Structure formats: structure tokens, C-alpha cells
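Note that this is a predicted model, so its numbers are computed, not measured.
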Amino acid sequence: MHGMISKPPEMASNIATSRLVLLLLVVMTGVAPISLYILVPALPVLATTFGSDISVAQMTVSLYMVGIALSQLIMGPLSDRFGRRPVLLGGLALMVVASGACIFAETLPQLIAARFFQALGGASGMVISRAIIRDIYERDRVASMISLVVAALMIGQMVSPLTGGLIETALGWRAIFYAITVAAIVVAVGIALALPETRRSRAAGSGFRGDLGMLIRNRAFVGYVMCQVLASQIIFTFAGGGPYIVVTQMGRSSAEYGAWFATTGFAFLVGNLLCVRFAPRHSLEKLIWFGLALQLCGSLANLLWSFAGWNEAPAWLFGTQMIVMAGNAFVMANSAAGAISIRPEAAGTASGAMGFLQQGIGALMSQFGAYLGGHSATTLPLTSAVLAISILCACVMMFVVPRREAVASAALIGQAEEDETGMM
């Protein structure tokens with residue numbers, strides 16, 4: 001049947017129900033972002049060790065994010081052409097080599113360069129994991145599986161800064177990179193031994209340019225990607241401005257800010273877990289609209305609190321933002337599922353384009369949020385920006401994504417894929 005992975009049905013079922021494969025999806029998704037956050041507590045130590053300003057040490061994080069963005073654009077199409085396994089293993093091999101270079105770095109520029117290549121290789125798991133999920137699961141289960149992987153990942157991300165701080169305190173900052181190297185090797189061995197190739201059969205002559213051309217001409221794909229990317233910008237914008245608001249405007253400590261910010265991560269985790277529960281019984285379009293409603297209600301309430309002056313206390317600001325983040329989880333997971341389901345045999349290209357836009361625009365929005373938080377005396381500019389993004393996200397879903405009758409049924413999607421294949 002068109003749209004199934006190019007394996008016998010019983011093999012596809014075995015892959016989809018394997019707990020080991022699910023575990024591999026979690027760890028391959030998490031190895032790059034966890035490696036990002038685990039170093040953050042050591043940034044002041046890096047600045048002192050290399051005699052540099054903290055802003056220079058911060059580049060070990062900012063250029064790492066650039067590496068993640070570029071990896072999304074490169075590794076996804078490569079996995080469509082050469083297969084999921086070889087590209088994953090190649091990316092993790094690059095991460096291992098780059099992590100070794102981090103261990104033996106003698107200057108901060110060397111460390112920054114090595115961190116860039118560490119992200120370039122490690123982020124292959126982020127983009128390819130979404131493609132593998134689309135390979136082995138039916139469209140109606142994609143959103144719930146993405147949410148499950150993200151929920152497990154969020155737990156790792158929440159504890160990784162603490163882990164990094166403990167490692168640095170006990171063993172020094174270089175020990176962090178020993179831990180990353182070991183983790184990357186373990187993930188690579190697990191993939192080599194337990195993850196079968198899941199890439200779908202491709203039509204003769206298909207390639208990155210043709211796949212991308214067909215995707216960007218598809219209104220549903222453009223709409224889902226815009227919705228997912230815009231929803232993610234709420235996170236980047238709020239994270240950029242939050243520290244300045246809490247520490248500078250409210251006069252609280254950075255440790256207290258960290259504790260409050262963790263509440264939004266917890267809300268995002270809860271949202272993903274709820275999505276796992278509800279996705280099998282509801283269409284992804286309904287779940288997106290539910291998430292959009294929560295985003296709009298939460299961001300509107302936060303704006304009203306800004307006018308009233310109530311969210312000058314962290315409990316009001318972050319309490320309402322938790323509602324936004326719970327809805328954000330529904331929007332991001334289901335929009336991503338919709339985008340990579342438009343053309344399943346090009347799921348890697350679709351996932352990569354979406355991830356590149358998310359990370360690339362996110363770097364700019366993080367700086368924008370920092371500007372709003374650092375150059376204002378109230379929370380009003382930041383909460384206005386979050387509400388504006390929420391409204392724009394809802395407008396994309398309303399005016400760009402076609403109605404479900406036109407695009408969402410499995411039969412129509414299958415027919416569209418067959419029509420596209422026939423034209424090639």
C-alpha cells in the first residue's frame with residue numbers, strides 16, 4: 001500500500017512497537033540539546049580559565065545553536081537520499097571527534113569552533129528522529145509519538161544544567177566533554193546494533209531540490225511549518241527577555257529566575273504528555289486549535305496583567321505563561337506532524353527545513369526578546385510580543401492551512417502522493 005515504509009508489514013509493526021527503538025529516538029533527539037544546556041553552568045569558569053569576557057564564552061552556546069540550525073538543513077535531506085542509519089552514524093561520529101577536540105582545546109576560539117562541529121554532528125538525531133517517526137508510524141500517531149519523545153527529552157533538559165554544574169564542580173569543565181563523548185558513543189553503538197533502516201522507497205530521479213520544490217509549493221506544508229515555527233518563537237522570545245525582567249526589573253536573583261523558568265518547562269512537559277493521551281482520539285487539526293486557544297488565552301491574560309501591573313511579581317508572569325506553554329506543546333507537536341506527513345518519503349527534508357527555520361529565526365527572536373526585556377521598565381513590551389506571535393500563529397492556521405476536508409484525510413493524502421509520484 002502506498003505510504004507504508006518499504007518493509008514487510010510485520011517488520012514495520014515490530015519496529016513501531018519496539019521499546020528499544022523508542023528509547024533510541026529519545027536519546028538521539030536529546031544528545032545535542034542536552035549537550036547545549038549541560039555546559040551553561042560552566043560558562044563563568046570558561047571565561048575565567050581562558051581570561052576572556054563572559055560574552056566571548058557565551059559564543060560556545062550561540063555558535064552551538066547556529067550549528068544545530070545548519071545541521072537541520074543538511075542532515076535531513078542527506079537522510080532522505082542515503083538513508084537514516086548512515087547519516088545518523090556519520091553525524092554522531094563527527095560529534096565524537098568534535099567532543100574530543102573540546103577536551104583538548106587550549107584556547108577559547110578552539111573550543112568555540114569545536115562546539116560548532118559538535119552541534120553540526122549531534123543535531124542529526126534531532127532532525128532524523130522526526131523523519132523516522134514518520135517512517136514507522138501512521139499519520140494519526142505521529143503527533144503523539146513526537147510528543148512522547150519530546151516529553152522524555154524535556155526531563156533530560158531540565159536536569160542537564162544541574163548535572164553540568166555538579167560535574168564541573170567535582171571534576172572540572174573538561175569532564176563535561178568527557179561525559180558528552182561517552183554519551184555520543186553509547187548512542188551511536190545503540191543505533192548501529194538496534195536501529196534498522198526505515199527510509200521509504202524513493203522515486204527515480206528524486207532529490208533535495210525536487211523534494212523541497214514540491215513541499216514549498218504545497219499550501220498545507222507551508223501553513224503547518226509556519227504555525228510550528230511561529231509557536232516555537234514564543235519560547236525563544238520569552239526566554240530572551242525573561243532574565244532581564246526577573247533580575248533587573250523585579251530585583252530577584254538569577255537562581256530564582258532559573259526556578260521560575262523551570263515552571264514553564266514543566267508546563268511544556270505536561271502539555272506534551274496530554275497530547276500523547278489525546279492524539280489517538282482526535283485529529284491533529286483539532287489539537288492544534290485547542291493549543292492555539294490556550295496560547296491566545298494565556299498571552300492575552302498576561303498582557304492584561306501587564307496593564308494592571310500585577311505581573312510585576314514572578315508568580316503572575318510565570319503562572320500565566322505556563323498556560324501559554326501547555327498550549328504551545330499541542331501546537332508545536334501537531335504542526336510538526338502535519339508538516340512531515342505531507343510527503344512522507346521526503347520527511348527528512350521537511351523536518352530539516354522546519355528545524356532550520358525554527359532555530360535560525362529563534363536566534364533572532366531570542367535577541368529581540370532580550371532587547372524588549374532589557375530596555376523596558378515594565379513587562380508590557382514582552383507580553384505584547386508574545387500575544388502578537390500567538391495571534392499570528394492562529395491567523396496562519398486559519399488562512400494558510402487548508403480545511404481538513406481538503407488535506408487531512410488519509411485517503412486524500414495518499415491520492416495526492418500518488419499523483420505527485422506519477423508526475424515525476
Give the C-alpha distance, both sets of side-chain angles, the deciding distance and a yes or no for side-chain contact (heavy atoms from CB on, under 4.5 Å) between F368 and L382.
CA-CA 9 Å; F368 177 64; L382 184 64; over 6 Å; no
Derivation and outcome, side-chain contact (heavy atoms from CB on, under 4.5 Å), residues L296 and I391:
CA-CA 7 Å; L296 286 168; I391 293 173; 3.8 Å; yes
As a quick check of understanding, evaluate side-chain hydrogen bond (donor to acceptor under 3.5 Å, both in side chains) for S71 and S124, giving each step before the final call.
CA-CA 6 Å; S71 180; S124 59; 5.5 Å; no
Step-by-step side-chain contact (heavy atoms from CB on, under 4.5 Å) determination, I146 to I340:
CA-CA 11 Å; I146 290 177; I340 64 177; 4.2 Å; yes
Can you check side-chain contact (heavy atoms from CB on, under 4.5 Å) on L230 and V396, steps first, answer last?
CA-CA 9 Å; L230 284 169; V396 167; 3.7 Å; yes
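A donor-acceptor pair is defined here as one N or O able to donate and one able to accept, closer than 3.5 Å; no such pair exists between the side chain of S341 and the backbone of G338. N272 contributes a side-chain N or O that, together with a main-chain N or O of F268, makes up a donor-acceptor pair within less than 3.5 Å. Using a distance-only test at 3.5 Å, with no hydrogens or angles considered, a donor-acceptor pair links the side chain of Q249 to the main chain of S376. At least one donor-acceptor pair under 3.5 Å links the side chain of R219 to the backbone N or O of V400. With hydrogens and angles ignored, the 3.5 Å screen pairs a side-chain donor or acceptor of R130 with a backbone N or O of S351. Distance alone, capped at 3.5 Å, places no donor-acceptor pair between the T379 side chain and the S306 backbone. At distances below 3.5 Å, at least one donor-acceptor pair connects side-chain atoms of N328 with backbone N or O atoms of A231. In this structure a side-chain-to-backbone donor-acceptor pair under 3.5 Å is present from R85 to A192.
Distance check: I128 CD1 to D80 CG gives 9.0 Å after rounding to the nearest 0.5 Å. Note that the OG1 atom of T163 and the CD atom of E168 stand 13.5 Å from one another [nearest 0.5 Å]. Going from atom CD1 of I245 over to atom CZ of R252 covers 13.0 Å, rounded to the nearest 0.5 Å. Rounding to the nearest 0.5 Å places OG of S232 at 5.0 Å from CE of M332. If you take CZ on R174 and CD1 on I167, they are separated by 15.5 Å, rounding to the nearest 0.5 Å. From S335, atom OG reaches atom CG of L292 across 7.0 Å, with rounding to the nearest 0.5 Å.
The minimum heavy-atom distance between S390 and I234, with the atom names listed, is OG-CD1, 3.4 Å. Looking at every heavy atom in both residues, N311 comes nearest to M250 through O-CE, 3.3 Å. Of all heavy-atom pairs between P77 and L73, the closest is CD-O, 3.2 Å. Between I180 and S99 the shortest heavy-atom distance is CG2-OG, 3.6 Å. Between V225 and A339, the shortest heavy-atom contact is CG2-CB, 3.8 Å. For the pair A194 and L24, the tightest heavy-atom approach, listed with the atom from each and the gap, is CB-CD1, 3.9 Å.
Using a 4.5 Å heavy-atom threshold, the side chains of L215 and T349 count as touching. Within the 4.5 Å cutoff, no side-chain heavy atoms of F236 are placed close to those of I361. Between S299 and T383, the closest side-chain pair of non-hydrogen atoms is not below 4.5 Å. Taking 4.5 Å as the limit, some side-chain heavy atom of T60 sits within range of a side-chain heavy atom of L108. Residues Y64 and I68 have side chains in contact (heavy-atom distance under 4.5 Å, counting atoms from C-beta outward). Counting heavy atoms from C-beta on, the side chains of P86 and E197 come closer than 4.5 Å. Two residues are said to be in side-chain contact when any heavy atoms from C-beta on lie closer than 4.5 Å; I185 and V182 fail this criterion. A heavy-atom distance below 4.5 Å is found between the side chains of L303 and S384.
Taking the six-membered ring for Trp and the full ring otherwise, W173 and F50 have centroids separated by under 6.0 Å. The six-membered or imidazole ring of F318 lies near that of F238, with a centre-to-centre distance under 6.0 Å.
Looking only at atom types and distance, the side chain of R115 has no donor-acceptor partner in the side chain of Q110 under 3.5 Å away. Side-chain atoms of T264 and Q321 include no donor-acceptor pair closer than 3.5 Å. Between Q72 and Q359, the side chains place no donor N or O within less than 3.5 Å of an acceptor N or O (distance only, hydrogens not considered).
The ring-ring contact (aromatic ring centres under 6.0 Å, His included) test applied to W289 returns no partner, not counting sequence neighbours.
Taking the six-membered ring for Trp and thresholds of 30 and 60 degrees, F330 and F278 have nearly parallel ring planes, at less than 30 degrees apart.
More than 12 non-hydrogen atoms from other residues, nucleotides or ligands lie less than 6.0 angstrom from CH2 of W316.
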Contacts under 3.5 angstrom, residues 25-44 side chains, donor-acceptor by atom type, not counting sequence neighbours:
from: T29; atom 1: OG1; to: L25; atom 2: O; distance (Å): 2.6
from: T29; atom 1: OG1; to: S129; atom 2: OG; distance (Å): 2.9
from: S35; atom 1: OG; to: V31; atom 2: O; distance (Å): 2.5

